[in-house]
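For ligands, and for the atoms within them, numbers begin at 1 and follow the listed sequence.
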Amino acid sequence: MLIKIKNSWDLSEKDVTSEEDFFSRRDFVKAAGIMGVGSAVNLMTPALAGAYQAETPPSGKYNGSDIKDEQTVLSAITSYNNFYEFGIEKDDPSKNAHSLVTKPWNITVDGHCENPGEYAVEDLVNFNALEERIYRMRCVEAWSMVIPWVGVSLSQVIEKLKPSLSARYIYFETLEDVEQMPGQARNIIQWPYREGLRMDEAMHPLSIMAVGLYGRTLENQNGAPLRLVVPWKYGFKGVKSIVKISFVEEKPNTSWMRLAPQEYGFFANVNPAVSHPRWSQASERRIGDFRRRKTLMFNGYGEMVAGLYDGMDLRRNY
Ligand code: MTE
């Protein structure tokens with residue numbers, strides 16, 4: 001059952017355009033395992049640090065933030081993806097991710113917590129308490145979408161696991177299995193994909209574990225069966241198809257930090273004032289739009305999250 005709870009951080013209904021496909025909320029299926037055989041992926045060896053390609057801003061004026069936030073169409077959300085385990089082109093994940101078997105799916109929990117162990121996704125996520133959260137997603141590559149996620153607060157999951165005070169950070173890993181994830185045959189990044197949050201970020205009510213979008217079970221290319229969504233951070237923090245959660249004392253060394261620490265930091269807060277070394281972050285292209293719009297500090301969620309970073313130099317802690 002999907003329960004829709006409106007919260008102040010949702011984009012308001014009048015600010016989003018309903019997608020025609022957005023219909024079957026009540027029919028939300030608990031978990032759908034899609035099985036199949038992946039096609040072979042023929043990747044060119046990418047320049048490692050250059051794996052992200054920013055879109056070049058066209059000349060001319062930016063659209064201002066007065067532009068309405070329209071919900072991105074479902075077909076774009078499920079066909080324009082970053083999921084390097086299935087290839088580096090935007091349409092590779094939708095073509096190749098059918099080889100991922102998402103049912104059954106277990107998550108290993110370890111580290112500083114009272115309830116470590118092996119959890120089925122249904123034991124970790126309360127499917128009777130699903131909420132819809134319509135969030136902006138800003139990729140570090142300077143494109144963005146508005147996505148109606150379905151999930152639970154990450155804090156609900158964490159409370160179940162009862163971390164101790166020694167847990168200062170939470171760490172996540174994606175599945176590593178080249179049979180199911182053919183893109184892992186190439187060392188695009190050091191597999192498995194790794195991400196992390198400071199515990200106060202993880203406990204913030206905006207942080208969610210998503211299991212669906214547009215009222216449907218997540219497609220594999222979007223990170224089935226469960227992924228992280230932290231809307232004030234660049235999209236790469238949203239680790240997909242999670243198989244491991246650890247409560248740790250030290251700041252985790254995440255995938256993109258390992259690959260290019262001068263380009264990708266641990267915090268990765270959306271910040272139009274801090275350029276990526278190879279492109280500006282001042283504007284973005286909303287998928288479906290032609291013109292660019294200004295990027296908002298903390299992706300527009302500053303009122304709710306800026307306090308997490310009081311006293312921190314956000315230029316140094318990018
Ligand atoms: N998670 C894994 N495991 N592998 C990835 O390549 N890409 C990240 C993030 N999570 C990625 C990942 C990036 S760069 C972005 S922008 C978002 O997923 C994209 O999510 P979407 O494809 O569902 O829009």
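- Between W105 and S241, the closest side-chain pair of non-hydrogen atoms falls below 4.5 Å.
- In summary, the atoms of ligand 1 found under 4.0 Å from a heavy atom of C139, numbered by their order in the structure, are 16 (S).
- Near M137, meaning under 4.0 Å from any of its heavy atoms, are these atoms of ligand 1: 24 (O).
- Contacts classified as side chain to side chain donor-acceptor pair (under 3.5 Å) and involving residues 154-168 (residues at least two apart or in different chains) are not found.
- Using 4.0 Å as the threshold, R227 has a heavy atom nearer than that to some atom of ligand 1.
- Residue Y193 holds the heavy atom nearest to atom 12 (C) of ligand 1 of all those in Y193, Y80, W191.
- Considering backbone and side-chain N/O atoms, G238 comes within less than 3.5 Å of an N/O atom of ligand 1.
- Within a 6.0 Å sphere centred on CD of E250, heavy atoms belonging to other residues, nucleotides or ligands number 12 at most.
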Side-chain donor-acceptor pairs of residues 228-238 under 3.5 Å, sequence neighbours excluded:
residue, atom, partner, partner atom, Å
W232, NE1, N269, OD1, 3.2
W232, NE1, Y309, OH, 2.8
K233, NZ, E201, OE2, 2.7
K233, NZ, F267, O, 2.7
K233, NZ, N269, OD1, 3.0
K233, NZ, Y309, OH, 3.4
Y234, OH, N271, N, 3.2
K237, NZ, E195, OE1, 2.7
K237, NZ, G196, O, 2.8
K237, NZ, F266, O, 2.6

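- Residue-level proximity to ligand 1 for E85 is carried by the side chain, the only part with a heavy atom below 4.0 angstrom.
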Before giving the answer on ring-ring contact (aromatic ring centres under 6.0 Å, His included), spell out for Y84 and W256 the whole-Å C-alpha distance, their side-chain angles and the decisive distance to 0.1 Å.
CA-CA 12 Å; Y84 292 110; W256 289 98; 5.8 Å; yes
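- For a threshold of 3.5 Å applied to N or O pairs, the pair formed by W143 and ligand 1 contains no separation below that value.
- Backbone and side-chain nitrogen or oxygen atoms of N222 are examined, and one is located within less than 3.5 angstrom of a nitrogen or oxygen of ligand 1.
- At a 3.5 angstrom cut-off on N or O pairs, T174 counts as close to ligand 1.
- A donor-acceptor contact closer than 3.5 angstrom is absent between the side chains of D91 and S79.
- Put simply, CG on N81 and CE on M145 are 6.5 Å apart, with the number rounded to the nearest 0.5 Å.
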